[in-house]
Amino acid sequence: MNDPWWLVLIKVVVLFVVLLAWTIFNVWYERRLVGKMQHRLGPIMNGPLGLGQALADGMKLLIKEDFMPSMVDRVLFTVAPMIAGTAAFTAWAVIPFGGEVEIFGVKTYLQLADLPVGVLVLLAVTSVGIYGFVLAGWSSNSPYSLLGGLRSSAQMISYEIAMGLSLVAVFLFAGSMSTHDIVEAQRVPLAPFGVDVKLQTWYWLLLLPSFVIYVISMVGETNRAPFDLPEAESELVSGYITEYSGFRYAIYFLAEYINMATVSAIATTLFMGGYLPFWPLNAIEPLNNPWLGPIWFVIKVQLFISVFVWLRGTLPRFRYDQFMKLGWKGLIPVALGWIIVLATVQTMRQENLLQGPILWGSIIVILLVLAGILLIGEKPQPEPEPVTGEFDAFAGGYPVPPMPGQVLPEMQGVVASTAEAAPKADGEEQ
């Protein structure tokens with residue numbers, strides 16, 4: 001935060017240009033990768049390897065007619081994409097691309113701002129971005145857009161809880177909320193069984209439950225398949241962006257891909273060592289140059305983006321009740337339980353209690369609790385008995401589907417006549 005103003009301005013411009021160029025590349029990359037998965041070619045015509053296709057699509061959205069329906073709230077309809085786009089760019093202010101370097105005689109980090117509560121800033125900015133989606137659905141004055149906005153708000157709020165809980169374990173291990181300090185804490189090498197192998201303490205392995213919860217949550221947080229329920233074309237046309245076109249639509253399109261890179265960058269920073277080189281390359285001293293940090297960082301983030309594309313190309317969309325059940329009844333309880341276990345272990349370790357009978361007793365208790373959970377499980381629900389007799393679909397004022405064995409009164413005669421008119425098989429009495 002002590003950088004001169006001109007250096008901050010340089011960082012802002014470079015970061016803005018990098019994010020725009022990276023978004024164009026990711027659009028092309030997703031199309032090419034999904035094409036390979038589905039035995040298609042993907043973009044190949046415009047530019048080398050089709051690289052100009054994403055750029056052409058972006059230019060088309062900029063000059064396309066920006067249509068605004070007459071029934072919308074004109075102010076909120078315009079402000080909503082601005083909120084989503086601003087939040088998408090702002091989140092990158094505290095993400096470190098590299099270590100300490102010297103630029104024009106000034107020592108600084110390859111990071112716009114290193115705040116002592118950087119991770120909380122990330123969570124706050126991503127939370128503000130939700131307003132862009134909610135206001136888009138509300139201001140459109142369309143039932144499809146409104147349902148898409150409500151789905152988006154419920155989905156993102158629900159999975160932000162699990163995402164925030166998964167990051168608590170990182171705070172406990174690193175002892176800091178600064179993104180730069182968390183990366184540097186993962187630089188400390190491990191020496192398993194007394195053998196110095198320069199194996200860094202990346203948190204994805206040490207905190208595997210938190211890492212898995214975060215990866216699932218980040219897919220739900222970005223509204224990507226198989227969790228793309230706010231934009232379910234088969235149900236809501238295009239959800240909260242149904243009424244958008246032109247430049248306003250382009251901002252949402254840009255925000256989606258930047259958010260995908262943002263959550264991937266957070267996973268890289270907190271769990272995958274950030275800008276640190278891979279093992280065993282970290283043992284080679286020239287490769288630990290801070291100027292090479294952005295290369296390692298981009299490679300790791302691009303691997304996470306590949307996971308997004310892989311999920312989109314292989315998995316079908318979830319039902320909404322399945323999706324919410326996974327978040328509230330699956331991820332959040334597991335995250336809470338894991339935090340309790342981890343905090344207990346950390347406290348016992350600091351008090352030197354993890355030794356002798358206490359250590360083995362703790363292990364036995366944990367194993368017994370896990371075995372009890374697996375044995376008890378959920379009790380199977382008895383299947384409802386089939387209801388027979390006549391069925392009136394409009395008895396409650398609204399049409400409802402019949403239960404097993406129930407027949408509409410006006411269909412009984414049709415069913416009987418159909419059965420009588422059915423042709424007999426060979427050898428049966430006519």
Residue pair F16, W92: steps toward the ring pair (Phe, Tyr, Trp, His ring centres under 6.0 Å) verdict:
CA-CA 9 Å; F16 185 78; W92 285 82; over 10 Å; no

When you measure from the side chain of E243 to the backbone of A136, do you find a donor-acceptor pair of N or O atoms at a distance under 3.5 Å?
no

Search all heavy atoms of A174 against all heavy atoms of A185 and return the closest pair with its distance.
CB-CB, 4.2 Å

For M71, I'd like to know if atom CE has over 12 heavy atoms of other residues, nucleotides or ligands within 6.0 Å.
yes

Output for pair (H180 NE2, D114 CG), nearest 0.5 Å, gives 6.5 Å

Determine whether the aromatic ring centres of F308 and F304 lie less than 6.0 Å apart.
no

Could you tell me whether the side chain of V334 reaches within less than 4.5 Å of the side chain of I213, counting heavy atoms only?
yes

Separation between CE of M260 and CD of E30, rounded to the nearest 0.5 Å:
5.5 Å

R32 side chain to L41 main-chain N or O, any donor-acceptor pair under 3.5 Å?
yes

Taking all non-hydrogen atoms of both residues into account, name the closest pair between D3 and K107 and its distance.
OD1-O, 4.4 Å

Looking only at side-chain N and O atoms, does S140 offer a donor or acceptor that is under 3.5 Å from a partner on Y244?
no

Over 60° means perpendicular and under 30° means parallel, so classify the ring planes of F25 and Y29, tilted if in between.
parallel

Determine whether I95 and L122 make a side-chain contact, defined as any pair of heavy atoms from C-beta on separated by less than 4.5 Å.
yes

Taking every heavy atom of V134 against every heavy atom of S153, the minimum-distance pair comes out as CG2-CB, 3.3 Å

On the 0 to 90° scale, with breaks at 30° and 60°, tag the F271-Y214 ring pair as parallel, tilted or perpendicular.
tilted

Please confirm whether the backbone N or O of A343 pairs with a side-chain atom of T347, one donor and one acceptor, at under 3.5 Å?
yes

Go through the side-chain N and O atoms of N223 and Q155 and say whether any donor and acceptor fall under 3.5 Å apart.
yes

With heavy-atom distances below 4.5 Å as the criterion, would you say the side chains of T268 and F297 are in contact?
yes

Under a 3.5 Å threshold, yes or no: a donor from one side chain and an acceptor from the other, between D57 and Q53?
yes

Could you check whether any side-chain N or O of T179 sits under 3.5 Å from a backbone N or O of V94, counting only pairs where one atom can act as donor and the other as acceptor?
yes

Looking at Y203 versus F211, is the centre-to-centre ring distance below 6.0 Å?
no

Give, for atom CZ of R317 and atom CD of Q322, the distance between the pair rounded to the nearest 0.5 Å.
12.5 Å

Side-chain donor or acceptor of T222 paired with backbone N/O of V219 under 3.5 Å
yes

When rounded to the nearest 0.5 Å, the distance separating OG of S158 from CD of E221 is 10.0 Å

Evaluate the side-chain proximity of W138 to Y131: yes if any heavy-atom separation is below 4.5 Å, no if none is.
no

Nearest heavy-atom neighbours spanning S245 and E65:
OG-O, 3.6 Å

Across all chains, not counting sequence neighbours, the salt bridge (charged side-chain N to carboxylate O under 4.0 Å, His left out) partners of K300 are none

Donor-acceptor under 3.5 Å (D181 side chain, S176 main chain)
no

Suppose we screen for side-chain contact (heavy atoms from CB on, under 4.5 Å). Which residues come up paired with W338, at least two apart in sequence or across chains?
A169, L207, P209, S210, L342

A side-chain contact here means heavy atoms from C-beta on lying under 4.5 Å apart; do L115 and M177 qualify?
no

Does CZ belonging to F171 count more than 12 external heavy atoms closer than 6.0 Å?
yes

Between the CG atom in L15 and the CZ atom in F97, the distance rounded to the nearest 0.5 Å is 5.5 Å

Quick check: closest heavy atoms across Y275 and W296, and the distance to 0.1 Å?
O-CD1, 3.5 Å

Of I24, V27, T262, L19, the one forming a side-chain contact (heavy atoms from CB on, under 4.5 Å) with Y257 is V27

With no hydrogens and no angle check, is any side-chain donor or acceptor of W28 less than 3.5 Å from a backbone partner on L49?
yes

Can you classify the ring geometry of Y240 versus F133 as parallel (below 30°), tilted (30 to 60°) or perpendicular (above 60°)?
perpendicular

R224 and E256: side-chain contact (heavy atoms from CB on, under 4.5 Å), yes or no, with the steps?
CA-CA 9 Å; R224 294 279 301 187; E256 177 183 341; 3.3 Å; yes

Does the side chain of V106 reach to within under 4.5 Å of the side chain of W6, using non-hydrogen atoms?
yes

Say you draw a straight line from OG1 of T23 to CG of L254; how long is it, rounded to the nearest 0.5 Å?
5.0 Å

Note, W291 side chain near L110 side chain (heavy atom, < 4.5 Å)
yes

Do V128 and T90 have side chains that approach each other closer than 4.5 Å (heavy atoms only, starting at C-beta)?
no

With a 3.5 Å cut-off and no angle check, do the side chains of E160 and S127 form a donor-acceptor pair?
yes

Near W204 CH2, under 6.0 Å, is it more than 12 heavy atoms from other residues, nucleotides or ligands?
no

At their closest point, which heavy atom of A261 faces which heavy atom of V301, and how far apart are they?
O-CG1, 4.0 Å

